[in-house]
**Student:** 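Before anything else, here's the structure in question.
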Amino acid sequence: MRRLPTCVLSGDGPVRVRHGHDPDRYVEIGSLTKVLTGTALTRLAAAGTLGLEDPVERWLPVPPGTGITLRHLADHTSGLPRLPPGLGGRDPYASFDDAALRGLLTRLGALVVDEPGAREEYSNLGYAVLGAALVAATGQPYERVVRDHVLDPLGIEAMAAHPPAGQALRATGLFGRPRASWTMDGAILPAGGMWATPRAAARLVTGLLVDRELGAPAVTWRHAKGVTWHNGATRDASVFAGALPDGRWVLVHRLGGSHADTDAEGIRHLAPSAAE
């Protein structure tokens with residue numbers, strides 16, 4: 001059986017590390033990034049900078065009439081597909097830069113596969129659009145937006161789009177060589193491109209879900225059988241973060257393997273009966 005580097009942090013004991021993981025080195029957190037984007041949206045709405053019901057064309061060069069609001073983007077009911085069109089290759093998001101996103105915005109209505117608000121359809125594209133809207137509303141780069149409105153208020157330092165030199169922890173391939181990560185610092189960044197130490201990601205969980213230091217959790221978080229959670233996965237990394245109403249919480253990060261296995265480990269730790 002393949003030995004996968006794994007790190008587990010929770011409120012009921014010390015950090016548990018297996019097979020060479022490290023809670024103090026930066027790892028990809030994939031779609032857990034969406035929690036930052038959604039929380040920043042909630043905070044900006046509370047401050048009056050924008051409105052949750054703002055149509056997307058208020059902030060971005062989208063032809064009117066799509067019916068998509070910022071809330072639709074945040075709760076995955078925009079009707080947009082899961083992924084931007086045209087992705088492919090070993091580094092699928094490398095070509096999805098700001099220019100590519102701008103090109104899609106001009107025909108956003110044609111990409112909608114369902115009426116906005118009709119049903120939930122998880123969308124990385126939707127969060128790329130949402131992140132661009134936050135940037136437009138604030139006049140600040142995405143990293144500055146989430147630092148000002150989420151990370152600094154929670155006292156989180158070790159979370160960024162690019163890990164500091166020599167501090168990245170990656171899965172390894174043949175002969176133990178680190179595998180190249182996907183390029184996710186372009187337009188897809190607000191949907192899944194951030195890096196963090198597991199300790200910093202755990203602080204995000206406790207700050208947002210347990211202590212609720214920034215108010216009620218954003219609509220980004222998922223809910224199932226009493227567990228409030230979110231996960232994330234890239235080419236070679238996966239993460240599960242969740243909490244229960246009684247304050248129990250867990251953060252599981254793995255390098256390599258299936259994200260479904262990471263989710264299952266997190267659920268088993270947090271609420272064994274929910275995993276049955």
Side-chain angles (χ1 to χ4, degrees), residues 8-12 29-46 52-53 68-82 114-131 134 146 149-150 153-154 156 190-192 194 196 198 201-233 238-254 258-276:
V8 181
L9 297 94
S10 70
D12 62 1
I29 62 170
S31 285
L32 192 59
T33 303
K34 291 182 175 71
V35 168
L36 299 174
T37 307
T39 303
L41 169 67
T42 300
R43 300 266 289 165
L44 288 166
L52 294 177
E53 309 307 330
I68 299 173
T69 67
L70 300 186
R71 185 191 296 274
H72 288 144
L73 296 170
D75 67 10
H76 297 288
T77 60
S78 66
L80 291 171
R82 183 181 184 92
D114 211 340
E115 183 178 350
R119 66 184 182 91
E120 183 179 312
E121 179 68 28
Y122 191 89
S123 179
N124 286 329
L125 173 57
Y127 262 77
V129 175
L130 178 58
L134 300 187
V146 296
H149 297 280
V150 186
L154 293 176
I156 295 173
M194 293 289 277
R203 172 69 183 114
L204 188 71
V205 176
T206 59
L208 296 181
L209 295 186
V210 180
D211 300 324
R212 302 200 173 190
E213 297 173 39
L214 303 186
V219 298
T220 310
W221 291 98
R222 324 293 280 171
H223 305 276
K225 298 184 178 180
V227 179
T228 301
W229 64 278
H230 210 286
N231 60 4
S238 57
V239 61
F240 174 91
L244 290 170
D246 63 9
R248 284 179 287 165
W249 63 273
V250 70
L251 186 289
V252 180
H253 192 280
R254 287 159 42 116
S258 164
H259 72 84
D261 290 339
T262 303
D263 293 354
E265 181 168 354
I267 291 293
R268 282 195 303 269
H269 180 94
L270 194 61
S273 61
E276 295 176 355

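Not measured: the values here are computed from a predicted model. Keep in mind that the numbers below use all heavy atoms, side chains included, and drop hydrogens, waters and symmetry copies.
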**Student:** Please test Leu36 against Leu204 for side chain to side chain contact (heavy atoms under 4.5 Å, CB included), starting from the C-alpha separation and ending with a verdict.
**Tutor:** CA-CA 9 Å; Leu36 299 174; Leu204 188 71; 3.7 Å; yes

**Student:** Looking only at heavy atoms, which two atoms of Pro198 and Leu251 are closest? And how far apart?
**Tutor:**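 In terms of heavy atoms, the two residues are closest at O-CD1, 4.2 Å.
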
**Student:** Measure the OG1-CD distance between Thr77 and Glu115 for me, rounded to the nearest 0.5 Å.
**Tutor:**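 That separation rounds to 11.0 Å.
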
**Student:** Quick one: pull up CZ in Arg71 and CG in Leu130 and give me the separation to the nearest 0.5 Å.
**Tutor:**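 Nearest 0.5 Å value for the CZ-CG distance: 12.0 Å.
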
**Student:** Do the side chains of Val146 and Thr33 get nearer than 4.5 Å, heavy atoms only?
**Tutor:**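 They are not in contact (no side-chain heavy atoms under 4.5 Å apart), so the answer is no.
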
**Student:** I'd like to check the salt bridge (Lys or Arg N to Asp or Glu O under 4.0 Å) partners of Arg203; sequence neighbours left out, ordered by chain and number.
**Tutor:**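 Partners of Arg203 by the salt bridge (Lys or Arg N to Asp or Glu O under 4.0 Å) criterion, ordered by chain and then number, come out as Glu213.
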
**Student:** Salt bridge (Lys or Arg N to Asp or Glu O under 4.0 Å) with Asp12: which residues, sequence neighbours excluded?
**Tutor:**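 Expected list: none.
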
**Student:** Between Ile267 and Phe240, is there a side-chain heavy-atom distance shorter than 4.5 Å?
**Tutor:**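 The answer is yes, as the side chains (C-beta and beyond) meet within the 4.5 Å cut-off.
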
**Student:** Who pairs with His259 by ring pair (Phe, Tyr, Trp, His ring centres under 6.0 Å), at least two apart in sequence or on another chain?
**Tutor:**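 With sequence neighbours excluded, His259 shows a ring pair (Phe, Tyr, Trp, His ring centres under 6.0 Å) to no residue whatsoever.
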
**Student:** List for me each residue that meets salt bridge (Lys or Arg N to Asp or Glu O under 4.0 Å) alongside Arg222, sequence neighbours excluded, and say none if there are none.
**Tutor:**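 Glu120.
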
**Student:** For residues Arg43 and Pro153, report the shortest heavy-atom separation together with the two atoms involved.
**Tutor:**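 That would be NH2-CG, 3.5 Å.
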
**Student:** Could you go step by step and tell me if His72 and Thr69 meet the side chain to side chain contact (heavy atoms under 4.5 Å, CB included) rule?
**Tutor:** CA-CA 5 Å; His72 288 144; Thr69 67; 3.2 Å; yes

**Student:** Search all heavy atoms of Gly242 against all heavy atoms of Leu270 and return the closest pair with its distance.
**Tutor:**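 Scanning both residues completely, I find the closest heavy atoms to be C-CD2, 3.6 Å.
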
**Student:** Asp114: what forms a salt bridge (Lys or Arg N to Asp or Glu O under 4.0 Å) with it, not counting sequence neighbours?
**Tutor:**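 Counting only residues at least two positions away or on another chain, Asp114 forms a salt bridge (Lys or Arg N to Asp or Glu O under 4.0 Å) with Arg119.
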
**Student:** Under 30°, 30 to 60°, or over 60°: which ring-plane class applies to His230 and Tyr122, parallel, tilted or perpendicular?
**Tutor:**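 Because their plane-to-plane angle lies in the 30° to 60° range, the rings of His230 and Tyr122 count as tilted.
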
**Student:** Search all heavy atoms of Leu134 against all heavy atoms of Ala40 and return the closest pair with its distance.
**Tutor:**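 Residues Leu134 and Ala40, closest heavy atoms: CD1-CB, 4.1 Å.
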
**Student:** Just wondering, do Leu125 and Pro81 contact through their side chains at under 4.5 Å, heavy atoms?
**Tutor:**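 They are in contact (side-chain heavy atoms under 4.5 Å apart), so the answer is yes.
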
**Student:** Do you know the tightest heavy-atom contact between Ser78 and Leu73?
**Tutor:**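 Between these two residues, the closest heavy atoms are CB-CD2, 3.8 Å.
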
**Student:** My understanding is that only one of Thr220, Asn124, Asn231 makes a side chain to side chain donor-acceptor pair (under 3.5 Å) with Lys34; could you say which?
**Tutor:**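 The single option meeting the side chain to side chain donor-acceptor pair (under 3.5 Å) with Lys34 is Asn124.
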
**Student:** Any heavy-atom pair between the side chains of His269 and Val252 that's under 4.5 Å?
**Tutor:**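 Side-chain contact under 4.5 Å: no.
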
**Student:** Under a 3.5 Å distance rule, please check whether His253 uses its side chain to pair with a backbone N or O of Val239 as donor and acceptor.
**Tutor:**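 Checked: no pair found.
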
**Student:** Would you name the heavy atoms of Leu208 and Thr39 that are closest together and state the gap between them?
**Tutor:**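 Distance-wise, the nearest heavy atoms are CD1-OG1, 3.7 Å.
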
**Student:** Ala243: which residues meet the side-chain contact (heavy atoms from CB on, under 4.5 Å) condition with it, sequence neighbours left out?
**Tutor:**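 Checked Ala243 against side-chain contact (heavy atoms from CB on, under 4.5 Å); matches are Leu209, Val210, Trp249.
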
